[in-house]
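Here the structure is laid out as structure tokens; the discussion comes afterwards.
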Amino acid sequence: MTALSCNVSNRAHGFCNEPEIWRNEGFARDGIRNMVGMRSWTCNIRQGRRCFVLKASSSGYQKVEKINGRKVNGTYIERTYDRAQESNSWDGAPVHEFQLGRFVEGRFVYRQLFVIRSYEIGPDKTATMETLMNLLQETALNHVMSSGLAGDGFGATHEMSLRKLIWVVTRIHIQVEKYSSWGDVVEVNTWVDAAGKNGMRREWEIRDNKTQQIITRATSTWVVMNRETRRLSKMPEQVRQEVKPFYLNRAAIGEAVDDTAKIDKLSNDTAESIRSGLAPRWSDMDANQHVNNVKYIGWILESVPINVLEDYNLTSMTLEFRRECRQSNLLESLTHMEVIEAEETTNNESKTKADLRSTHLIRMQQDKAEIVRARAEWRSKRKHKE
């Protein structure tokens, strides 16, 4: 890990403040993001030096011998600036500038950049399905925040907050053409549209920021729920009028390749493997007081055979959410695997080849009540090397 060390005396003299390039390169205010394998730099007030900050690049490090006449050993660096020289720009800048998001296409599409970090990759050094789902969720929430619609709820609008309403997802489908590697920069685009009278559809596209190739597509359906009664609600007209100006009639995944077929319910007889005793932790809960949607993917994979996880890539997944899950619930994960013939979609939207298909169920361990049904497709790593 990289360390940027400054002692108390240095901070008191105005050194080691957040530099301009942190904002330009997307570093968080309270730390440096995605700087791995670099050396530690220490401020030394007695020698009259300021702090240096290392500038990361997805294209690799640039080794140099001198910067500003001083010898350095390692990576390209730039000087920081005193806070007085920055004119307190931290305090006056809009929040979305620090979130690296911006509106495009007439404010219908929200775009955000992310770097794939070391703790977001799996054993093969590429992003996991959970990582991708987290990026989708983060971009969606920042879309609401940056649009000015956010009330006091977790992604809820002002009118929703007044009526104690929240959004809940009923279905999400994601297709992955390629998993990004550690250090890659990805561009996530998201937008919304109506889904019937009482729902909203949210779409995503993830592009490789360097090549601009679309590597992931996703679509989801959201409905409104009362946060106190935990019952679904009709969308009030006031809420509809809030979100309607942001609707964009565009689908990330075409109807021909969208997984809309019914997902079969698994039982003890039809499941090939069952993993019991899965217990939600406090850290698995989100701000709406139920288990975060992304956590279910990890529980689903708990019952997938290890040879599938090692030898196949998860290329698509559809999740249907049936009910909420709280921390006090004990869960079971069921999986059924089947071999399918390699197939390829010939249109321009997807070229995903699948070798295996799996069906999944997350249920309560005690009363067997369904929480999530899921279906996934897998592609052999050896057969389909890129």
Side-chain angles (χ1 to χ4, degrees), residues 120 128-141 144 153-156 160 164-174 195 198-202 204 218-233 259 262-268 270-304 309 314 316-336 358-376:
E120 296 173 324
T128 64
M129 180 64 79
E130 293 101 314
T131 295
L132 299 182
M133 294 286 280
N134 277 319
L135 297 185
L136 302 186
Q137 181 173 270
E138 179 70 11
T139 310
L141 289 170
V144 177
F154 193 54
M160 291 175 66
K164 301 178 181 179
L165 301 175
I166 59 175
W167 292 112
V168 291
V169 62
T170 59
R171 176 184 176 275
I172 185 167
H173 174 57
I174 182 170
N198 294 302
M200 185 177 72
R201 197 179 78 238
R202 178 171 286 280
W204 294 272
T219 183
S220 60
T221 304
W222 299 74
V223 295
V224 176
M225 185 178 78
N226 187 290
R227 70 168 179 253
E228 293 186 350
T229 66
R230 315 307 286 188
R231 294 181 180 273
L232 297 183
S233 169
D259 184 10
K262 179 183 177 181
I263 301 178
D264 295 331
K265 179 182 177 180
L266 290 182
S267 65
N268 289 357
T270 57
E272 296 175 349
S273 59
I274 301 177
R275 175 70 183 274
S276 302
L278 301 174
R281 302 168 298 177
W282 175 253
S283 60
D284 295 330
M285 312 302 288
D286 65 19
N288 286 328
Q289 302 304 311
H290 57 206
V291 170
N292 188 294
N293 303 325
V294 180
K295 299 298 180 180
Y296 293 107
I297 298 176
W299 290 330
I300 286 171
L301 298 181
E302 285 291 329
S303 58
V304 174
L309 298 177
L314 184 54
S316 75
M317 176 172 274
T318 303
L319 299 101
E320 292 181 355
F321 299 90
R322 300 302 179 102
R323 68 182 63 204
E324 287 187 288
C325 178
R326 301 298 187 91
Q327 188 186 2
S328 58
N329 300 133
L330 204 59
L331 309 177
E332 288 182 325
S333 174
L334 290 74
T335 290
H336 171 78
S358 56
T359 307
H360 308 273
L361 175 66
I362 300 295
R363 68 185 184 187
M364 301 288 190
Q365 183 166 306
Q366 184 174 4
D367 61 6
K368 311 305 181 184
E370 291 183 271
I371 300 175
V372 178
R373 288 188 190 185
R375 178 169 45 237

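Only heavy atoms go into these numbers, but all of them, side chains included; no hydrogens, no water, no symmetry mates. Starting from 1, each residue takes its place in the sequence as its number. Bear in mind that the values here come from a model prediction, so they are computed numbers and not experimental data.
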ask   = Please walk me through it: do Ile263 and Thr359 pass side-chain contact (heavy atoms from CB on, under 4.5 Å)?
value = CA-CA 7 Å; Ile263 301 178; Thr359 307; 4.1 Å; yes

What heavy-atom pair brings [X] and [Y] nearest, and what distance separates the two atoms?
| X | Y | answer |
| --- | --- | --- |
| Asp284 | Ala279 | OD2-O, 4.4 Å |
| Leu314 | Ala376 | CD1-CB, 3.5 Å |
| Met160 | Trp167 | SD-NE1, 3.3 Å |
| Phe321 | Arg171 | CD1-N, 4.2 Å |
| Gly155 | Val144 | O-CG1, 3.6 Å |
| Trp222 | Val169 | CE3-N, 3.5 Å |

Any side-chain heavy atom of [X] sitting closer than 4.5 Å to one from [Y]?
| X | Y | result |
| --- | --- | --- |
| Ile371 | Arg323 | yes |
| Gln365 | Leu331 | no |
| Thr270 | Leu334 | no |
| His290 | Val168 | yes |
| Met285 | Asn292 | no |

Check: [X] side chain, [Y] main-chain N or O, donor-acceptor pair, under 3.5 Å:
| X | Y | answer |
| --- | --- | --- |
| Ser273 | Ser303 | yes |
| Arg375 | Asp264 | no |
| Thr221 | Thr170 | no |

request  = List the steps, then state whether side-chain contact (heavy atoms from CB on, under 4.5 Å) holds for Asp286 with Gln137.
outcome  = CA-CA 12 Å; Asp286 65 19; Gln137 181 173 270; 5.8 Å; no

Would you compute the distance between atom [atom1] of [X] and atom [atom2] of [Y] and round it to the nearest 0.5 angstrom?
| X | Y | atom1 | atom2 | result |
| --- | --- | --- | --- | --- |
| Ser333 | Ile300 | OG | CD1 | 6.5 Å |
| Asn329 | Leu278 | CG | CG | 12.0 Å |
| Leu165 | Glu228 | CG | CD | 10.0 Å |
| Glu370 | Ile362 | CD | CD1 | 11.0 Å |
| His336 | Ser267 | NE2 | OG | 10.5 Å |
| Ser276 | Arg363 | OG | CZ | 7.5 Å |

request  = Determine, step by step, whether Arg373 and Leu361 satisfy the side-chain contact (heavy atoms from CB on, under 4.5 Å) criterion, reporting the C-alpha distance in whole Å, the side-chain angles of both residues, the deciding distance to 0.1 Å, and the verdict.
outcome  = CA-CA 5 Å; Arg373 288 188 190 185; Leu361 175 66; 4.0 Å; yes

task = Taking salt bridge (Lys or Arg N to Asp or Glu O under 4.0 Å) as the test, write out the residues that go with Arg202, two or more places apart.
result = none

remark   = salt bridge (Lys or Arg N to Asp or Glu O under 4.0 Å) filter on Arg230, not counting sequence neighbours, yields Glu324

Under-4.0 Å salt bridge between Glu332 and Lys368 = yes

query = What's the verdict on side-chain contact (heavy atoms from CB on, under 4.5 Å) for Val372 and Asn293, showing C-alpha distance, side-chain angles and the deciding distance?
reply = CA-CA 10 Å; Val372 178; Asn293 303 325; over 6 Å; no

note = Result for side-chain contact (heavy atoms from CB on, under 4.5 Å) between Leu319 and one of His173, His360, Met133 points to Met133

